[in-house]
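Here's the structure, in structure tokens; my notes come after.
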Protein chains: 4
Amino acid sequence: MGTRAPRADALRNRARILTAAREAFARDGVDIPLDTIAERAGVGAGTVHRHFPTKEALVTAVIADRLDHLADRAAKFGDNPAEDFFTFLAELTDSARDNLALASALNGTLGTEGEASTARLAEALQSLLSTAQRSGDVRRDVTALEVHAILAGVLATESRLPPTRRGLGLEIAIAGLRPTSAQPRGDSDAKRG
Amino acid sequence: MGTRAPRADALRNRARILTAAREAFARDGVDIPLDTIAERAGVGAGTVHRHFPTKEALVTAVIADRLDHLADRAAKFGDNPAEDFFTFLAELTDSARDNLALASALNGTLGTEGEASTARLAEALQSLLSTAQRSGDVRRDVTALEVHAILAGVLATESRLPPTRRGLGLEIAIAGLRPTSAQPRGDSDAKRG
Amino acid sequence: MGTRAPRADALRNRARILTAAREAFARDGVDIPLDTIAERAGVGAGTVHRHFPTKEALVTAVIADRLDHLADRAAKFGDNPAEDFFTFLAELTDSARDNLALASALNGTLGTEGEASTARLAEALQSLLSTAQRSGDVRRDVTALEVHAILAGVLATESRLPPTRRGLGLEIAIAGLRPTSAQPRGDSDAKRG
Amino acid sequence: MGTRAPRADALRNRARILTAAREAFARDGVDIPLDTIAERAGVGAGTVHRHFPTKEALVTAVIADRLDHLADRAAKFGDNPAEDFFTFLAELTDSARDNLALASALNGTLGTEGEASTARLAEALQSLLSTAQRSGDVRRDVTALEVHAILAGVLATESRLPPTRRGLGLEIAIAGLRPTSAQPRGDSDAKRG
DNA sequence: GATGAATGAGTGTTCATTCAT
DNA sequence: GATGAATGAACACTCATTCAT
């Protein structure tokens, strides 16, 4: 025990930078100057670079953090097949709405930033998806990666919807993900490999 | 008055700039330097600014042009209620796929560029939509503007889908736009290719 | 011939930048900021970059210019074997004395800047050297490249000599370049002027 | 008092910094960041500054150390007039070859760093030189400071010579430092314009 | 004393925009 | 009108130096 705070202010600054960056990226997109982020975080420009050697590293860190956060959240579910899946989509949508950077990340506008975390999220999505598919509430032919892409679309939609209509994009996606009406529902059939 | 060729080359230059900008924005996104566009258009940088006082103006013009083009296309339809509507969505999706700038415009990433044309497109969408709604193949509660937002989402989805799965985003949106299965719409199940 | 001044001020600016850079590099070394050079040349920082896309390009241009100048000068000689050779060495020494950048270039401190011109200079040196060697006034085993290196040494020496002793470094190098006294050269006493 | 180990590690750190700096400066030149040196020395950046308040102080210390080392070495000679002198020049040349910092110091590229040690070295050089001059093997008109400058030149030359020709610069300097064969001693000729 | 995080002025470079030709 | 050179404010990033721990 007794690990004294090894570098208390460094941790605090790192957190402040991440927070400032998260907000700045969310509100203004990732093109915002690092100097602005440094200023908002109340640190010098050099400090930002000490913690994140390049701007890309900071962007990745912020995105990855958001993505990981979502993946963690996804892992918490597990009881109600379809409900869980759709609820998670809703949460994700809410998280990313009005977050330009997260939206960009999910849109693929950002190159390969946060790739690892994107994969983690896809994995988390996978189990929710599989369960929901097994229960017969979701089309069996879509993969987690595809759901990820659909999510990106939902976010894009939501960001253009007036506040009074929030949720419509998700609603439509969810409706579209259900098995075609030809197969009523009820039991689950053919689980996919 | 003897205006032999009043501004023949001015018109030509304008067209060349727009063409170059369209391609450049589509391929490389709107962050591409104006100098590059000028060079590709075979004109001087000053000429670009004569025609489009700011870069934003050029971006708007290009987007508006694309949007108008789509609106024009939409106006050509009108015979088969649901089919027309869905076909148009498919065309729009195809147009924007791999067009970074158009995708951005539809994503709302670009601020208010091309607002007027966005409205025009929404209008064109409106009549297709109304017809399809009247025929009972599309949810009655969505407006043209909302379809526009959904379109943005479809594009975002499609851009993240592997080539082998192209069309899935649109397919799901279309499925989601159908009236809920609870209230079957008579026949109608518009299969798409 | 009627080639109207195609871009008179561009040429003038280029010349001013080169002049300012030459003086700045000579006096302060190549680590001087480009902004300072721009300021001294009376142009904006961007203008420097238009003419010389990177700092290295400017350094190279300045060095190459100096080196070419010397090579040109070398080409003018050709009558008195030993005298020409030694006189050229003296000229080169005078040129580079108090020129930090040129000295650096000849010292090899500068990486590969101006390599082509270094080669040109070596070539020019070659013919002077060959002639002097054939006349028996210079050791036959040294090559032009080696003379180049020796020159670098002379410059380094001269830069550390008090003004009253200028020329001593060259004098010693010249003496050292003569054939060993064991094989007296009959005439030859190459007074240098 | 009980100063058990008063500042044992301080001394050790100082030594480690000097060693790291010596190697770093030698290999990479004096433009290498202090952080790199600190890291190689296994100390913090602040520790470097405690021992050497500015970077210039560290550079000076390293150079001075090298110069002192050479001066010490020079003091060890004393038996064979000319031989000692020339051997020392050879040693010095070998020491500085591939030592960017030392070469810089001797080149005068470094401003006034290590002036005191430069003087010490000159002094050591002086006695070797005087002895050699008295024995008639070295020109009588050169001073120790001038030999120092010549040494700088030799180093510059050597650094540009291909490995197969190492020693040529020194050889020529040595030859040039011998009394002119024609005139046993007495006057010198070689007036330059 | 040692540490290494923080600082912040400074560097090379880019690019939308202006303006002389 | 067209040209493309000039401008200069940004920008990401570096690094000697300072300072809290």
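Chain A is the first sequence line, chain B the second, and so forth, proteins listed ahead of strands; every chain is numbered from 1. Keep in mind that the numbers below use all heavy atoms, side chains included, and drop hydrogens, waters and symmetry copies.
Here the C1' atom of nucleotide dC11(F) and the CD atom of Glu56(A) are 16 Å apart, to the nearest Å. Going from atom CD1 of Ile37(D) over to atom C1' of dC15(F) covers 12 Å, rounded to whole Å. Between the CD1 atom of Ile32(A) and the C1' atom of dA12(F) there is a distance of 14 Å, given to the nearest Å. As rounded to whole Å, 12 Å separates atom P of dA16(E) from atom CG of Asp31(A). Straight-line distance from the CD atom of Glu39(C) to the P atom of dT11(E): 12 Å, rounded to whole Å. Taking atom NZ on Lys55(D) and atom P on dT18(F), their separation rounds to 15 Å, with Å as the unit.
In terms of position along DNA chain E, the nucleotide closest to Thr54(C) lies nearer the 5' end than the nucleotide closest to the other residue of the pair Phe52(B) and Thr54(C). For the pair Thr36(C) and Pro53(C), nearest-nucleotide mapping onto DNA chain E gives the more 5' position to Thr36(C).
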request  = Could you summarise the pairing of DNA chain F as dot-bracket text, marking Watson-Crick and G-U pairs under 3.5 Å with ( ) or [ ] inside the strand and | across strands?
outcome  = .||||||||||||||||||||
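Listed here is the closest heavy atom pair of Val30(B) and Phe25(B): CA-CD2, 3.7 Å. Annotation for Ala38(B) and Val48(B): closest pair CB-CG2, 3.7 Å, computed over non-hydrogen atoms.
Taken from CG in Leu18(D) to CG in Leu58(D), the straight-line distance is 6.5 Å, to the nearest 0.5 Å.
Judged by distance alone, with hydrogens and angles left aside, the side-chain atoms of Thr19(A) form a donor-acceptor pair with the main-chain N or O of Ala15(A) at under 3.5 Å. Looking at Ser117(A), its side chain never comes within 3.5 Å of a backbone N or O of Arg120(A) through a donor-acceptor pair. Looking only at distances, no side-chain donor or acceptor of Thr47(D) sits under 3.5 Å from a matching main-chain atom of Val43(D).
Looking only at side-chain heavy atoms (C-beta outward), Arg66(B) and Arg22(B) come within less than 4.5 Å of each other. Under the 4.5 Å side-chain criterion, counting only non-hydrogen atoms from C-beta, His49(C) is in contact with Leu34(C).
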At a cut-off of 3.5 Å, list every protein nitrogen or oxygen paired with a nitrogen or oxygen from nucleotides 2-6 of chain E, distance to 0.1 Å.
| residue | atom | partner | partner atom | Å |
| --- | --- | --- | --- | --- |
| dA2(E) | OP1 | Asn13(D) | ND2 | 3.3 |
| dT3(E) | OP2 | Gly44(D) | N | 3.3 |
| dT3(E) | OP2 | Thr47(D) | OG1 | 2.8 |
| dG4(E) | N7 | Ala45(D) | N | 3.4 |
| dG4(E) | N7 | Gly46(D) | N | 3.1 |
| dG4(E) | O6 | Gly46(D) | N | 3.4 |
| dA5(E) | OP2 | Arg50(A) | NH1 | 2.3 |
| dA5(E) | N7 | Arg50(A) | NH2 | 3.3 |
| dA6(E) | OP1 | Asp9(A) | O | 3.4 |
| dA6(E) | OP1 | Asn13(A) | ND2 | 2.3 |
| dA6(E) | OP2 | His51(A) | NE2 | 2.8 |

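Partners of Asp35(B) according to the side chain to side chain donor-acceptor pair (under 3.5 Å) rule, which considers only residues two or more places apart in sequence or in another chain, do not exist here.
The side chain of Leu34(C) has dG12(E) as its nearest neighbour among dC15(E), dG12(E), dA12(F).
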